[in-house]
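Proteins come first, then strands; the chains are lettered A, B, ... in the order of their sequence lines, and each starts at number 1.
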Amino acid sequence: MSATEAALLRLDRINSFYGPVQVHFDLSMEVRAGQIVCLLGGNASGKSTTMKTILGLQRPRSGQVWFDGAEITGLPTPAIIRRGIGSVPEARRLFGAMTVRENLLMGAYTRSDRAAIAQDEERVLALFPRLRERLKQKAGTMSGGEQQMLAMARALMGRPKLIVMDEPTMGLSPLFVDRVLALIETINREGVTIFMVEQNASLALGIAHYGYVLQTGQIALDGPAAALLRDPRIRDAYLGGTTAA
Amino acid sequence: MNAWFDYTVNGFVIGNIYALLAVGLALIYGVANLVNFAHGSVYVVGAYVGWAAITYLGTPLPLTILCVVIVSALVGVGIERIGLRPLHGSSRIAPLLATIGITLVLDQIVQLIFSPDPRAVPMQVPEWRIPLGGGTIGALDLLIAGIGLVSAVVLYGFLRFTKLGWAVRATAQDSDAALQMGVDINKVNMAVFAIASALGGLSGLLVGMYYNQISPAMSFEATLKGIVALIIGGLGNVPGAIAGSLILGLTESYGIALFGTSYRNLFAFVVLIAMLVWRPNGLFAGRRSLPPEPMTGTFITRSRPLKVPRWAVVAIIVVAALLPLTGHPYLLQIGANSLLYAMLALSLTLVAGTVGQISLGHAALLAIGGYASGLLALDGGWPVALAMPAAGLITAALGTALVFPAFRLTGHYVSIATLGIGEIVSLVILNWTGLTHGAIGLGGIPPLEIFGYDFGSVESTYWLSLVVLVLLALLQVRLLNSHLGRSWRAIRDDSVAARSYGVVGDRYKALAFGYGGFAAGISGAITAHIYSYINHETFSASISILALTMVILGGLGNVLGAVLGATLLIALPEAFRDLAEYRILIYGVVLLLLIRFRPQGLLGTV
């Protein structure tokens, strides 16, 4: 198996509960290195819990999470982040009262190589030139689109192997949605694997290599993104109402 | 003119001391969403460590400060490990209650080691004073100002320029997001508790030097003053806490200049309540309304209450009624005491458990009831049989009116407000000499006597208390099973949802405080007539905490649980009289163990 073929992240027969309610039923999936993989699903399908399970914010009752060849099930979140996962949380969750620069440096919190951090800061700012103009501004005072860019830039600052994104296009204007998607592709081309949870199936599949469809805690469908886009079941269930082709 | 300069200097110095306390409280509130009620204990520990270092080791000032900082920081780390970390994921109010338990334990330990008597801290600063602007400034004033300033600068540098400092700020803003950046929240909490406690301990040392006296009893007041300063500046706002402290120090100093020393604390608490009513977010926040409480977890631990069959309850009442036949006066006295506390616990379990307003000033209701009945009988010449129910009604009305301004508050703010209101009641009793006889107290209150029948004997006191308690408990059970009870619980569980279903929170809270005030007022009234002497300290804040422990022990909201909790906490320490010295320590440990291992109490929450 070549390096790009190997699964960077693998969920193996996960069963999660939220109180007495079971959220995941033997959920298994994998994210191959170098790809953009999206997880689609409606409300209450278990998307966010999948995210929490990967990040160690919620412990599954059974099943395993593997990352980069090692099991990370049950590890505390900081330990998982240190292994090379960056997070772009739902609704961005920036540190609003801290400056843009401080937010970026928080992204590099697990690292101590000052020189390399400074280099990465330059690299990230080249990717997001808008942020350079606002380095000293409080993060909470920026527009929603700018905040989403900062959230992605912040995740990149940890020099992760994998970035997990929870609904990165939520609440953005159509113009910013396109830019955010383009940036996700750019980040991916630079060698970072992306796992994103999205409700907007057509947009997500448009940039992804592979897709999973989650339905009431189980994978209902999966396959290469292009195939899923053509799949009539997807078109009926998820793309029916959207205007995008 | 000269005097005013001195009062200003004094205000600034006291303000600096408060700032060292309040900054720590603000940091802790920031990262942990917790008002640390054990903060005053750290302050006491700091003062005593300083005293011990100077007295036994003869340390010079810098070394004294170092000792205080290190020991206090370690105590802070301990508080985090016991009071916060194990309670992750439990009910919102659990860590606050845990810090109350810790403060009981720590204060008692200090008292056991160093005795409750005040100690004089040896002066380690030259005694010269510089005449300036018509007044004088002493070396100690400068030292305190200097330490305040240096601490502020160091803290600013830490938060602004160090990685751990960023982590502290990030955690304060969004702990979940900080976690996803790889921040170890436990480490952040530990660091913050260490820093906050080091500053708090330092504050205790300086206060000891300034007033040249320390005692374990200063803990409670220090916590309160720190909280007042914190509220003035806005919960969690570090620069605000400094400004709030200086404002509080100056207000107190000028207040003393104008009205006298016994008004000092009254000023602090009136400022507190005024802030909570008009600017609950602090002086420096733009918003007027409170931010919503974090919705994680329920307010109280849910559980299925233990079903006690009706015949068992009847049997318990019958056994209790037959207890006087044993002819043990000592036993009956404990029994009567338990019954009177049980009335207070009934009242608190309704307010704190059923309606979810964790009151920390419930003893004030006893005081109002006791004084009302005592004064009506003594100065008004009313028969005791009329004075007592009247006292119940007065307490219901007055208690509700006093808490009314705090009705729109939730969670921590309710606890802080009720604590402040409780202190205000005690201070008004102390200062309103014309009505309450002031500091002399109320002596010669007529004994219990109802329509010519003397209830002065232990047996009859016991029986009377039992009858009153059973009536109150039955009424409360009726209420809880009615529409009213459901509305109360709805307000506790989700006030927004309750409101959207047309349940007007204020009206129902008023009914709860009214009924609770009545029960507690009657208890206070009976107590006053039994004691025949009460003063402003008879019903102290420690009784409020004890009552809360009883209620948690029995199970919040649980009527039978309240009675059981009161009986256990009053009777058990009597059974182990040799341990009397450790009584408060035991209460504290019981509280801590309950919160950690059985938060639903013995009989379960309702």
Side-chain angles (χ1 to χ4, degrees), chain A residues 19-20 48 51-52 54-59 75-99 101-114 117 136 138-140 147 150-151 153-160 163-166, chain B residues 26-27 29-31 85 88-91 156-191 234-240 281-282 284-287 291 294-298 301-304 493:
Chain A
S48 291
M51 222 48 173
K52 284 183 185 163
I54 295 169
L55 288 170
L57 294 167
Q58 190 175 328
R59 228 190 149 125
L75 285 184
T77 304
I80 291 173
I81 302 295
R82 260 196 298 279
R83 281 166 186 257
I85 297 184
S87 169
V88 179
E90 188 180 352
R92 304 180 281 273
R93 307 290 285 267
L94 296 175
F95 305 112
M98 292 168 84
T99 64
R101 174 135 201 281
E102 285 172 330
N103 268 277
L104 289 177
L105 292 174
M106 277 312 293
Y109 185 77
T110 54
R111 303 167 57 186
S112 47
D113 41 347
R114 274 167 184 257
I117 292 174
K136 292 200 167 133
K138 295 258 158 72
Q147 290 194 19
L150 178 54
R154 185 177 66 172
L156 269 178
M157 286 297 292
R159 214 181 249 191
I163 296 185
V164 294
M165 300 187 179
D166 202 344
Chain B
L27 282 171
Y29 189 85
V31 295
R85 197 176 298 189
H88 184 78
S90 43
S91 62
Y156 176 82
F158 165 72
L159 290 175
R160 197 82 177 68
F161 301 114
T162 70
K163 212 163 145 178
L164 188 56
W166 295 337
V168 168
R169 286 162 61 212
T171 307
Q173 286 172 47
D174 188 334
S175 59
D176 260 2
L179 199 60
Q180 291 178 44
M181 297 301 117
V183 174
D184 184 343
I185 305 289
N186 284 334
K187 210 170 91 184
V188 166
N189 282 337
M190 203 170 84
L235 276 182
N237 179 344
V238 174
N281 285 311
F284 311 105
R287 275 171 314 181
M295 291 300 283
T296 50
T298 50
T301 311
R302 274 176 214 284
S303 70
R304 202 164 290 145
D493 292 337

Worksheet item: Should B:His88 and B:Asn186 count as side-chain neighbours, where that means a heavy-atom distance under 4.5 Å?
Response: no
Shortest non-hydrogen separation from [X] to [Y] and the atoms involved:
| X | Y | value |
| --- | --- | --- |
| A:Leu55 | A:Ile81 | CD2-CD1, 4.1 Å |
| B:Trp166 | B:Arg160 | NE1-O, 2.9 Å |
| A:Thr110 | B:Gly182 | CG2-CA, 3.8 Å |
| A:Glu90 | A:Ser48 | OE1-OG, 3.8 Å |

Response to the item:
Checked A:Arg82, A:Arg92, A:Arg154 vs chain B; the most non-hydrogen pairs under 4.5 Å come from A:Arg154
Item to complete: With a 4.5 Å cut-off on heavy-atom pairs, point out which of A:Glu102, A:Met157, A:Met98 contacts chain B the most.
Response: A:Met98
Atom group of [X] that falls short of 4.5 Å from chain B, counting heavy atoms:
| X | answer |
| --- | --- |
| A:Ala108 | backbone |
| A:Arg111 | backbone |
| A:Ile80 | neither |

Fill in: Interface moiety of B:Ala178 toward chain A, non-hydrogen atoms closer than 4.5 Å
both
